[in-house]
Amino acid sequence: MPGFEVFGAEEKKEIMDVLDTGVLFRYEFGEQRQGIFKVREFEEKFAAHCGARYGQAVTSGTAALQVAMTALGIGPGDEVITQGFTFVATWEAIFAVGAVPVFTEVDETLNMDPADLEKKITPRTKLIIPVHMLGAQARIKEILAVADRHALPVLEDTAQAPGARLGGKALGSFGVCGTFSFDAVKTITTGEGGMVITNDATLWRRMSEYHDHGHDHVANPGGRGGEGRSFIGFNYRMMEIQGAIGLAQLAKLDDIVARQQQNKAALKEAAAHIPGVTFRTILDEQGDSASFLAFFLPDAEAAAKVNALLTANGAGAMAFGENTWHFYPKWEHLLAGSTLARSGWPFNDAKGKKRVVYDPDLLPKSAALMDRLLVYQVPVKLPEERLRQITEALNKAVNY
Ligand SMILES: *Cc1c(COP(=O)(O)O)cnc(C)c1O
């Protein structure tokens, strides 16, 4: 998964370009910057890599979600549907714009179940956010078909799947926009950072202006220029050093994916020997970013036994049924409605009246899947020795 594994001279060179000018800000500074615009270049190259027209860099993947939703006009009174297996950032951002998150089941793709999505649409639904979790494709075509039937936009949370594709088309480029994260553990990293891609010029202009205090970017598309503002904004600007690192990392993305695919294939072959094992549904193996290998055992007991053996032999897997970061029933603060706001917002309205309550048993189908799921993160660099250790651990788990 992580781009930090391949940090090298390329990142240093890009950073030095910036330090040599002394301009850390993405806009202005005329001659002093000597024509160096790293964030802008990163936006252009990242969007091109995804086959999209525009890229808008921001400070994080969470900010990317927030900026995109704001530019789409999402706010109080709206419901936004996402999946119950994702990182907390997806629904934090929904709350942050004033909307209420509604959660769907996932299926064996470990992503949004399109049939459950259709059931959860109400007259208040204004946006659908499928997440391409663990490096691979959601059923984006089915999801778009449901969305089209209800005339709803789709934003793809692609934080965990840069470089992944479906039928050759980049994930994040199917919906009206796609968001990405470059945080410290993502496939390519700028330490902190994010991006929104889109083909919609109006949406891009709104995101560009909103993320820069609402300053006019019409006179100079994608950059400052004019005076005045059309709407209130905020500050989510990426700095030049992040853009510089992003450029070096982006140049390595295809190679990262190729190496992960190779390593994943080796791990998968070893895991396939475990009786009763099945693998997560991957809609397009060629387009899998291969950041993770996810497999199911027949039941929760078998998964626990297998993982105990793997752990005892130095190759424990992640058990998402127990993971408190990524799965709905483990989000105790969401279920309890814990917030710092005196009114209880966003769980209560301004007068303290309940807006939403989350039932811990809302997603039984997802829970049944998570309980029998084991996951390995796939490294870019997998030394022979480590591969042998994992393979031997998997071989010892066959008699669980
Ligand atoms: C990492 C992540 C985010 C948020 O990204 P940050 O850059 O850490 O804010 C959003 N969604 C998903 C699915 C993620 O994994």
Side-chain angles (χ1 to χ4, degrees), residues 1-4 39 42-43 46 55-70 74 80-97 99 101 103-104 106 109-112 127-138 140 143 154-164 171-172 174-175 177-197 207 211 234-239 241-243 245-246 249-250 260 280 289-292 294 318 320 323-328 330-331 334 366 370 375 377-378:
M1 184 184 198
F4 64 72
V39 175
F42 181 40
E43 289 171 335
F46 189 87
Q56 179 60 55
V58 290
T59 45
S60 70
T62 315
L65 288 159
Q66 203 169 334
V67 167
M69 277 190 276
T70 302
I74 306 301
V80 177
I81 302 181
T82 190
Q83 60 200 51
F85 178 53
T86 183
F87 181 50
V88 295
T90 315
W91 54 264
E92 283 173 346
I94 297 170
F95 277 132
V97 301
F103 296 95
T104 74
V106 295
T109 62
L110 297 178
N111 289 319
M112 184 176 277
L127 178 68
I128 299 166
I129 308 186
V131 187
H132 300 288
M133 277 296 280
L134 304 181
Q137 310 92 3
I140 190 66
I143 291 164
V154 171
L155 181 168
E156 298 166 76
D157 182 343
T158 325
Q160 297 200 5
L171 300 187
F174 285 83
C177 60
T179 61
F180 294 82
S181 163
F182 311 120
D183 81 24
V185 297
K186 294 299 204 285
T187 310
I188 61 173
T189 180
T190 58
E192 296 281 5
M195 184 85 76
V196 191
I197 58 164
M207 295 192 295
H211 105 295
F234 210 76
N235 178 2
Y236 289 109
R237 291 183 305 250
M238 183 183 265
M239 64 187 273
I241 289 181
Q242 293 164 292
I245 299 170
Q249 288 268 294
L250 177 62
Q260 287 180 166
R280 169 197 190 180
S289 78
S291 292
F292 292 90
M318 288 183 275
F320 275 100
N323 181 298
T324 64
W325 287 37
H326 296 93
F327 184 39
Y328 176 89
K330 301 289 182 184
W331 296 326
L334 175 81
S366 305
M370 292 299 150
V375 176
Q377 189 169 319
V378 178

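Remember, it's 1-based here, ligands and their atoms both numbered in the order they're listed.
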Check your understanding: For atom 15 (O) of ligand 1, what's the nearest protein heavy atom and its distance?
Key -> Q160 NE2, 2.8 Å
Practice item. Write out the residue and atom name of the closest protein heavy atom to atom 8 (O) of ligand 1, then the distance separating them to 0.1 Å. Key: D183 OD2, 2.6 Å
Practice item. Could you tell me whether A159 approaches ligand 1 through its side chain, its backbone, both or neither, with non-hydrogen atoms closer than 4.0 Å? Key: side chain
Review point. Which atoms of ligand 1 sit under 4.0 Å from any heavy atom of A89?
Key: 3 (C), 4 (C), 10 (C)
Exercise for review: Taking all non-hydrogen atoms of both residues into account, name the closest pair between F327 and G84 and its distance.
Suggested key: CD1-O, 3.4 Å
Practice item. May I ask you to list the atoms of ligand 1 that are less than 4.0 angstrom from any heavy atom of S181? Key: 1 (C), 5 (O), 6 (P), 7 (O), 8 (O)
Check your understanding: Does any N or O atom in M133 lie less than 3.5 angstrom from one in ligand 1, N or O only?
Key -> no
Point to revise | side-chain hydrogen bond (donor to acceptor under 3.5 Å, both in side chains) between N111 and Q83, worked out | key: CA-CA 7 Å; N111 289 319; Q83 60 200 51; 3.1 Å; yes
Review point. Which of these passes ring pair (Phe, Tyr, Trp, His ring centres under 6.0 Å) with W331: F87, F85, W91?
Key: W91
Practice item. Please could you name the atoms of ligand 1 that T90 approaches to less than 4.0 Å, counting only its heavy atoms? Key: 11 (N)
**Study point:** Derivation of the ring-ring contact (aromatic ring centres under 6.0 Å, His included) call for F182 and F42
**Key:** CA-CA 12 Å; F182 311 120; F42 181 40; 5.2 Å; yes
Exercise for review: Using side-chain contact (heavy atoms from CB on, under 4.5 Å) as the criterion, point out the one residue from V80, I129, L155, T62 that pairs with T90.
Suggested key: I129
Point to revise | Distance in Å, T70 OG1 paired with L65 CG, rounded so as to fall on 0.5 Å steps | key: 10.5 Å
Check your understanding: In the protein, what heavy atom is nearest to atom 1 (C) of ligand 1, and what distance, to one decimal place, separates them?
Key -> K186 NZ, 1.7 Å
Practice item. Return the residue, atom name and 0.1 Å-rounded distance of the protein heavy atom closest to atom 9 (O) of ligand 1. Key: T62 OG1, 2.4 Å
**Study point:** Which atom of A290 lies closest to which atom of V378, heavy atoms considered
**Key:** O-CB, 3.2 Å
Check your understanding: Of all the atoms in ligand 1, which lie at a distance below 4.0 Å from a heavy atom belonging to V131?
Key -> 13 (C)
Exercise for review: Give yes if a backbone or side-chain nitrogen or oxygen of D157 is under 3.5 Å from a nitrogen or oxygen of ligand 1, and no if not.
Suggested key: yes
**Study point:** Option passing side-chain contact (heavy atoms from CB on, under 4.5 Å) with F292 (candidates Q260, Q160, M133)
**Key:** Q160
Revision key, fill the gap. Atoms of ligand 1 under 4.0 Å from any heavy atom of S60, numbered from 1 in the order shown, are 7 (O), 9 (O)
Check your understanding: Which ligand 1 atoms does T86 reach within 4.0 Å, using its non-hydrogen atoms?
Key -> 13 (C)
Practice item. Measure the spacing between CE of M195 and CE of M207 and express it to the nearest 0.5 Å. Key: 10.5 Å
